[in-house]
Structure formats: structure tokens, C-alpha cells
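The next block holds one structure in the form of C-alpha cells; read it before the comments.
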Amino acid sequence: MEKKVRVRFAPSPTGGLHLGGVRTVLYNYLFAKQHGGDFILRIEDTDQTRFVPGAEEYIFETLAWCGLEPDESPKHPGPHAPYRQSERKQQYRQYAEELVQKGYAYYAFDTGEELDAMRQRLRTDENPSPQYDRTVRTQMRNSLNLAAEEVQRLLQENTPHVIRIKMPEGETVSFTDMIRGDIQFDTSVVDDKVLLKADGMPTYHLAVVVDDYLMEITHAFRGEEWLPSAPVHVLLWRYLFGEDKMPQWAHLPLILGPSGKLSKRDGAKYGFPVFAMNWHDPKTGELTEGFRERGFLPEAFVNMLAMLGWNDGTEDEVFSLEELIRRFSIEKVHKGGARFDYEKAKWFNHEWIKRQPVSAYAQQVRSIFAEKGIVISDEGYFTQVLELVKERCTMLADFWEHSYFFFKAPKDIDTSAVKSKWNDDKAAFFKGFAKSIMSVSNWNAASLEALFKQQAEAAGIKPGELQLPMRLMLVGGKFGPPVFDIAALLGKEETGYRINSALEEFERP
RNA sequence: GCCGCGUUCGUCUAAGGGCUAGGACACCACCCUUUCACGGUGGUGAUACGGGUUCGAAUCCCGUACGCGGUACCA
């Protein structure tokens with residue numbers, strides 16, 4: 001029987017989740033759901049020094065906002081708990097020791113100073129960063145060179161040491177990447193990576209392999225930056241569990257900024273978010289703005305991210321999460337990095353604001369209004385207003401400028417556009433119009449417009465010349481939805497009131 | 001330096017040997033609209049370079065250039 005698909009995302013809690021990270025989650029999620037499998041979230045918190053409080057919680061919140069809930073995680077443990085590597089610490093050592101027993105790894109007692117000295121000594125123009133590799137290891141303090149008794153003694157005395165993989169010489173390690181196809185490496189040019197650190201924590205290399213095995217991961221997606229260390233992982237699988245049990249790999253292309261790899265700096269420099277949500281770094285006190293706070297809908301964010309490095313071959317590009325699950329295919333993920341374009345991201349948001357019912361984001365718009373001092377009391381009215389203006393909003397914050405005048409009469413009316421053409425006939429028309437609307441029984445945009453035109457003609461004025469003044473009276477400037485739609489929503493009382501009070505403004509010299 | 005990955009309009013991309021290289025964002029023009037948008041129509045604009053293979057190459061092969069990643073007791 002085919003094994004159920006299990007994919008995992010393993011972030012390190014060291015900061016906010018940038019675009020590339022969320023996209024990796026997304027592709028993981030899409031692939032898992034598409035195959036009826038599980039999406040597992042594991043936390044790679046093996047480096048205590050880089051751990052940032054709150055970062056794990058932030059990751060959960062981001063995934064929840066995007067709608068990418070894991071099936072198993074530290075929050076919702078499944079059969080393979082725990083999901084934090086710090087809580088799994090004990091199990092890594094035995095695998096590292098096993099590798100030493102089998103001759104695939106060795107103890108290294110070199111101190112940091114000794115490593116520095118080695119790199120200093122060996123550094124040349126041709127070799128700017130010397131590695132701890134098969135040529136260097138013969139000169140270092142490790143169990144390959146030291147006498148067995150000496151190694152025993154050092155171990156018994158609890159001398160700080162690491163366990164390094166012993167990279168074989170002249171072998172070719174190859175594997176098939178789901179996106180890139182066959183990839184080969186010559187083991188002679190790969191160094192002896194540390195597997196178990198002096199503090200007993202595994203490095204990423206040991207941890208992914210052990211955890212993926214223990215958690216029965218079948219497919220592993222990660223960023224392209226991991227490609228160079230893939231041979232280490234393949235070898236570890238071969239030595240420990242058998243390559244046939246190794247998950248299938250997919251190395252995702254990078255997301256680039258305007259110049260090179262997308263960074264937090266790009267966000268600040270070019271004025272766009274690079275994190276899904278606001279990230280407040282407790283260590284530096286620095287705040288990095290998020291897409292959510294900028295006024296992006298999660299649907300738009302996810303949609304935009306999905307299209308950054310994948311395309312289903314059709315010309316469609318607006319997809320819901322459900323549609324993405326249906327259409328996604330890992331083979332169609334691109335090999336080359338994609339440059340993030342904020343303009344296109346805004347376009348996606350505009351599309352989603354237009355096609356979502358306003359109920360999907362009314363709550364957020366309400367808080368924007370509250371910040372500006374407008375408290376919404378009439379839900380039905382609020383909904384109708386949002387529905388009327390949503391097609392002209394790109395960001396949620398845009399709702400304010402496109403609709404605030406529905407909730408408060410304009411204070412200052414910009415009469416400059418009509419002042420020169422203003423005359424007593426027009427004033428008389430509006431006086432009459434304000435009066436007659438009070439008796440309109442069928443209050444809607446169409447009947448209002450009909451009445452307006454009929455009275456304009458009766459007064460001998462072209463209706464077109466009266467529309468702009470009417471707009472200014474209702475909203476205060478040259479903006480907003482069609483005038484009669486505005487009046488229809490405002491109601492006859494408010495419309496009449498605004499016309500009358502604006503008339504005084506128009507009369508002023 | 002070494003190793004790996006990549007390269008189609010400004011950007012995201014389609015086309016996996018065969019019609020004038022298609023679409024989207026952005027930009028420009030026109031239409032619609034007596035506000036601003038939405039929308040509609042059209043336009044500018046690309047196969048990095050050089051060699052092969054082939055009747056035929058964006059597509060396959062080789063080389064060059066450029067970009068990116070890795071080269072930590074970080075992930």
C-alpha cells in the first residue's frame with residue numbers, strides 16, 4: 001500500500017517569516033493537501049544563541065493568517081511528538097555515535113582557536129576559505145589521528161568535542177530533485193560537516209535526517225540554499241536508514257528583491273513589506289512591517305506568493321487556496337529565482353478585495369475607521385457602503401478615503417472647480433431640488449437621477465453642469481462613487497441637509 | 001578560489017524541435033464616465049553571447065559571460 005504523503009516545514013525561531021519562508025510553507029501545504037497527506041510543522045531550535053523569544057508564536061500566527069494550518073505541530077501534537085528539536089535532543093546523540101561505530105564519522109576535539117588557526121594557516125588566494133575536509137582532518141585533533149587510548153581518555157574526561165561526518169573520497173553522490181532533476185556531487189569537494197555540536201545539540205544536517213526518518217517524512221521542500229549540503233544528507237540517509245527510505249527532495253528557487261536576494265533591508269529601502277505580519281524583534285527593538293498590517297488580504301498574499309515561482313501553464317492567475325490545491329504541481333515549479341514585484345502584489349490585493357464579499361474584511365475596515373474616530377453603528381449601511389466602493393480600493397486602508405464621507409458630512413467643500421460658473425439659477429435649482437426630494441417615495445439612485453434631470457431641464461440648465469456641484473455638496477470634492485449612488489445611500493434627510501448647508505458655502509464670496 | 005544552481009519583454013511568466021514568441025503587472029494612447037476608479041480596445045517591449053546538432057532551435061549539446069547560493073560547533 002502506498003505510504004501516506006507527509007511533508008514538513010522546519011523553521012528556526014530566529015525572527016519573522018519572510019516571503020521565501022511562507023512560500024515554502026505554502027508549497028508544502030499545497031502538495032500535502034493535494035495528495036490527501038499531512039503537513040507537519042517542526043521547530044528547528046537547535047541554536048540557543050540565535051533563538052528569539054516570541055518567534056515561534058509568530059510563526060503560528062502567520063500560518064493561521066494565511067490559512068495554512070499544520071496537521072501536526074508543537075501546538076497540535078500528533079503521533080510523532082515532540083516537534084521541537086530542543087525537546088528531541090537525547091535522540092540525536094545515539095545516531096551520531098552509531099555513525100562513529102560504523103566508521104562514517106569521528107570525534108573531533110579541536111577548539112575554536114585551533115580551527116581558526118588552521119583556517120589562517122591554510123588560507124591562500126586560491127583557497128580563501130579552507131574547509132575541514134579529507135586533507136585537513138589528518139592534521140587535526142580527532143579520533144582518526146589520536147591513539148585509541150587517548151581518545152578514550154579525552155572522552156572520559158568530558159573534553160568538549162564534536163562529531164563530524166567522514167566524507168568519503170572520490171565518490172559521486174546523486175539524487176533526483178523533484179524540480180531540478182538529477183543532481184550530482186563529488187564527495188571529494190564536500191567538507192566534514194559537524195553533525196553533533198559540543199553542547200550535544202545536533203546541527204541541521206543530522207537533525208533533518210533523523211527527524212525526517214522518525215517522523216516518516218515522504219517529501220521535503222526547502223530553499224535552494226540547501227542544495228550544496230544535500231550530498232551530506234543523502235550520505236547520512238545511506239549510512240543510517242537506507243537511501244530507499246529517504247524523502248523526495250524539492251529545492252525551491254529563491255525570491256529576489258529589486259537587487260539580489262530579498263532582504264529586510266529591501267523592504268525599508270523600497271517601502272514594501274517583506275514579512276507576512278508585523279515582526280517586532282525583542283532583541284533589537286526593530287519593527288518590520290507586514291503585509292497584513294499594510295492592508296493585504298490573506299487570500300491575496302497567498303495567491304501572489306504562489307505565483308512567484310509557479311504557474312500551471314494556463315493564463316489564469318487569480319486562485320483561491322482551494323484552487324491552488326487543485327492546480328498545483330511540483331513539476332511546474334520554476335528553477336530560477338523570481339523577483340518580487342510590489343506593484344503586482346497590490347494588483348492581486350485589488351482583485352481579492354473586489355471578488356471577496358465585504359464581510360470577509362469589514363471587521364478590519366471597521367478598526368481603520370475607529371482609529372479615525374468613526375464608530376460604525378449601522379452594520380447594514382456600512383456593508384452597503386463598502387460594497388459600493390470596494391472596486392476602487394487596492395488596500396484596506398483605501399476604504400477610508402473612498403468612503404469616509406458616508407459617515408460624516410464634509411467640513412470643507414472644495415468649490416474652486418465650479419465657483420466661476422456658479423450663478424443664482426443653479427442655487428435656485430438646488431434649493432428646489434433639496435425640497436422636492438423630501439417627497440420622493442421610491443428612494444433609489446435611478447429615480448433620483450430621473451428627478452434630477454427632469455428638474456434641471458425644467459430650469460433650463462444642462463444636467464451635466466449640475467452634477468459636479470451636487471458631488472461637491474455631498475462629499476466635498478471631486479471624488480467618490482457615482483453621485484446618485486451616494487445620495488441613495490445617504491438617505492433623503494442627509495442628502496437634503498448636505499445640499500442646504502453646502503448652498504451657504506457656495507454663496508460665500 | 002572551489003562546488004552547485006540558474007538566465008524569454010522593466011517585472012512575473014507561457015511556448016518542453018515547427019504558424020507573425022502568447023498572457024499578466026507596470027507604462028502610453030483611445031473609448032466609456034461631466035469626479036475618481038472599474039471596465040473595454042490598441043500600442044511600446046524579450047529568447048544573455050558564441051559555436052554546434054537539425055530541413056527547422058527559446059527549446060537539445062558544448063563553451064563564454066552574467067546572476068544567485070554554498071564553502072560555520074547558523075539554519
Side-chain angles (χ1 to χ4, degrees), chain A residues 10-14 44-47 49-50 85 108 110-112 115 119 123-133 160-164 177 179-180 183-186 188-191 193-205 207-208 222-231 251 253-254 256 258-261 304 307-318 332 334-348 350 354 389-394 398 401-402 414 417 462-472 475 477-483 486:
Chain A
S12 56
T14 55
E44 311 252 320
D45 58 350
T46 52
D47 189 346
T49 59
R50 300 199 336 150
Q85 286 181 340
D110 316 281
T111 63
L115 290 174
R119 295 199 171 101
R123 184 174 297 137
T124 60
D125 283 349
E126 283 74 45
N127 186 13
S129 45
Q131 299 184 320
Y132 200 120
D133 61 15
H161 65 277
V162 301
I163 292 179
R164 286 180 181 271
D177 186 276
I179 297 169
R180 289 153 209 279
I183 298 183
Q184 300 196 336
F185 292 89
D186 179 353
S188 299
V189 297
V190 182
D191 62 331
K193 294 271 183 242
V194 169
L195 301 177
L196 198 74
K197 299 189 269 188
D199 63 2
M201 281 288 201
T203 58
Y204 173 85
H205 308 295
V208 249
R222 59 180 8 172
E224 193 178 26
E225 69 270 24
W226 287 110
L227 209 41
S229 49
H251 289 88
L254 263 20
L256 309 170
S259 55
K261 191 182 170 189
M304 174 273 291
M307 305 313 289
L308 217 48
W310 169 83
N311 176 286
D312 74 345
T314 70
E315 286 177 356
D316 304 337
E317 42 185 351
V318 181
K332 282 192 175 285
H334 308 141
K335 299 183 178 81
R339 202 170 303 281
F340 169 68
D341 180 5
Y342 188 51
E343 292 305 320
K344 185 95 185 215
K346 287 199 289 192
W347 177 79
F348 274 111
H350 190 193
K354 281 192 292 182
V389 303
K390 71 178 188 182
E391 71 178 24
R392 51 194 76 210
C393 299
T394 298
D398 296 342
E401 63 170 286
H402 288 299
D414 176 19
K462 278 191 281 187
E465 285 189 36
L466 295 164
Q467 278 203 25
L468 192 53
M470 173 82 167
R471 168 177 299 281
L472 299 181
V475 310
K478 291 168 72 170
F479 48 78
V483 250
I486 298 173

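Proteins get letters first, then strands, A, B, ... in listed order; numbering begins at 1 in each.
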Closest to the K261(A) side chain, choosing from rC38(B), rC68(B), rA72(B): rC68(B)

Counter-base of rU7(B), judged by Watson-Crick or G-U geometry with both distances under 3.5 Å: rA65(B)

Short side-chain N/O contact to rA14(B) OP1/OP2 from H334(A), under 4.0 Å: yes

Touch class at under 4.0 angstrom, heavy-atom based, for K390(A) against every strand present: nothing

Touch class at under 4.0 angstrom, heavy-atom based, for P482(A) against every strand present: base

Between C1' of rG4(B) and CG of L254(A), the distance in whole Å: 13 Å

Given rC74(B), rU35(B), rC73(B), the nucleotide with the shortest approach to the side chain of R50(A): rC74(B)

Sugar-phosphate only, base, or nothing, as touched by R119(A) at under 4.0 Å among non-hydrogen atoms: sugar-phosphate

Atom-to-atom span, CD of E315(A) to P of rC25(B) - whole angstrom: 12 Å

Quiz item: K344(A) side-chain donor-acceptor pair to rA24(B) base, under 3.5 Å: yes

Presence of K197(A) side-chain N/O under 4.0 Å of rA75(B) phosphate oxygens OP1/OP2: yes

Value in whole Å for how far the P atom of rA72(B) lies from CD of E225(A): 16 Å

C1' gap between rG6(B) and rA58(B), integer Å: 16 Å

Pairwise P distance for rG50(B) and rG39(B), with rounding to whole Å: 41 Å

rC73(B) phosphate, OP1 or OP2, under 4.0 Å from R164(A) side-chain N/O: yes

Distance, C1' atom - from rC73(B) to rC68(B), rounded to whole angstrom: 27 Å

For rC30(B), the Watson-Crick or wobble partner whose two distances fall under 3.5 Å: rG40(B)

Value in whole Å for how far the C1' atom of rC74(B) lies from CD of Q85(A): 12 Å

Donor on one side chain, acceptor on other, R222(A) and H251(A), under 3.5 Å: yes

Residues R180(A), L227(A); criterion side chain to side chain contact (heavy atoms under 4.5 Å, CB included); working and verdict: CA-CA 10 Å; R180(A) 289 153 209 279; L227(A) 209 41; 3.9 Å; yes

C1' atoms of rC74(B) and rG51(B), separation to the nearest Å: 44 Å

Base partner of rU54(B), which must satisfy Watson-Crick or wobble distances under 3.5 Å: none

Touch class at under 4.0 angstrom, heavy-atom based, for H251(A) against every strand present: nothing

Sugar-phosphate only, base, or nothing, as touched by N311(A) at under 4.0 Å among non-hydrogen atoms: sugar-phosphate

Toward the 5' end of RNA chain B, by each residue's nearest nucleotide, D110(A) or E126(A): E126(A)

Under 3.5 Å on both distances, the Watson-Crick or G-U partner of rU59(B): none

Nearest-nucleotide 5' precedence on RNA chain B, P481(A) against P130(A): P481(A)

Over 12 foreign heavy atoms within 6.0 Å of NZ, K335(A): no

Whole-Å C1' distance, rC12(B) and rA46(B): 13 Å

Sugar-phosphate only, base, or nothing, as touched by E391(A) at under 4.0 Å among non-hydrogen atoms: base

Separation of the C1' atoms in rC60(B) and rU47(B), to the nearest angstrom: 15 Å

Touch class at under 4.0 angstrom, heavy-atom based, for G223(A) against every strand present: nothing

rG45(B) pairs with, by Watson-Crick or G-U criteria that keep both distances under 3.5 Å: none

Pair K193(A) + D191(A), salt bridge at N-O below 4.0 Å: yes

Touch class at under 4.0 angstrom, heavy-atom based, for A338(A) against every strand present: sugar-phosphate

Any K478(A) side-chain N or O less than 4.0 Å from OP1/OP2 of rU34(B): no

Identity of whatever pairs with rG1(B) - Watson-Crick or G-U, under 3.5 angstrom: rU71(B)

Atom-pair distance (NE2 on H205(A); P on rA72(B)), nearest Å: 10 Å

Short side-chain N/O contact from R339(A) to OP1 or OP2 of rU7(B), under 4.0 Å: no

Geometric class of the W226(A)/H205(A) ring pair [parallel <30°, tilted 30-60°, perpendicular >60°]: perpendicular

Touch class at under 4.0 angstrom, heavy-atom based, for D186(A) against every strand present: nothing

Rounded distance in Å between the C1' positions of rC32(B) and rG42(B): 15 Å

rC38(B), syn or anti by chi within 90 degrees of zero: syn

Whole-Å distance separating the CD atom of E343(A) from the P atom of rG10(B): 17 Å

Phosphate OP1/OP2 of rA75(B) contacted by T46(A) side-chain N/O (<4.0 Å): yes

Side chain of W347(A) (C-beta onward), nearest among rA75(B), rG69(B), rA24(B): rA24(B)

Per R180(A) side chain, nearest of listed nucleotides rC38(B), rC5(B), rA75(B): rC5(B)

side-chain N/O K332(A) vs rA15(B) OP1/OP2, d < 4.0 Å: yes

Rounded P spacing from rC5(B) to rC9(B) in Å: 22 Å

Touch class at under 4.0 angstrom, heavy-atom based, for G336(A) against every strand present: sugar-phosphate

Sugar-phosphate only, base, or nothing, as touched by K193(A) at under 4.0 Å among non-hydrogen atoms: sugar-phosphate

Whole angstrom value for the distance that separates P of rU35(B) from CG of L466(A): 14 Å

Touch class at under 4.0 angstrom, heavy-atom based, for F340(A) against every strand present: nothing

W347(A)/M304(A) under side chain to side chain contact (heavy atoms under 4.5 Å, CB included): CA gap, chis, key distance, verdict: CA-CA 9 Å; W347(A) 177 79; M304(A) 174 273 291; over 6 Å; no

Polar contact flag, side-chain donor to acceptor under 3.5 angstrom, Y132(A)-D110(A): yes

Integer-rounded Å distance: rA72(B) C1' and M201(A) CE: 17 Å

Sugar-phosphate, base or nothing in reach of V162(A), heavy atoms under 4.0 Å: base

Touch class at under 4.0 angstrom, heavy-atom based, for S129(A) against every strand present: base

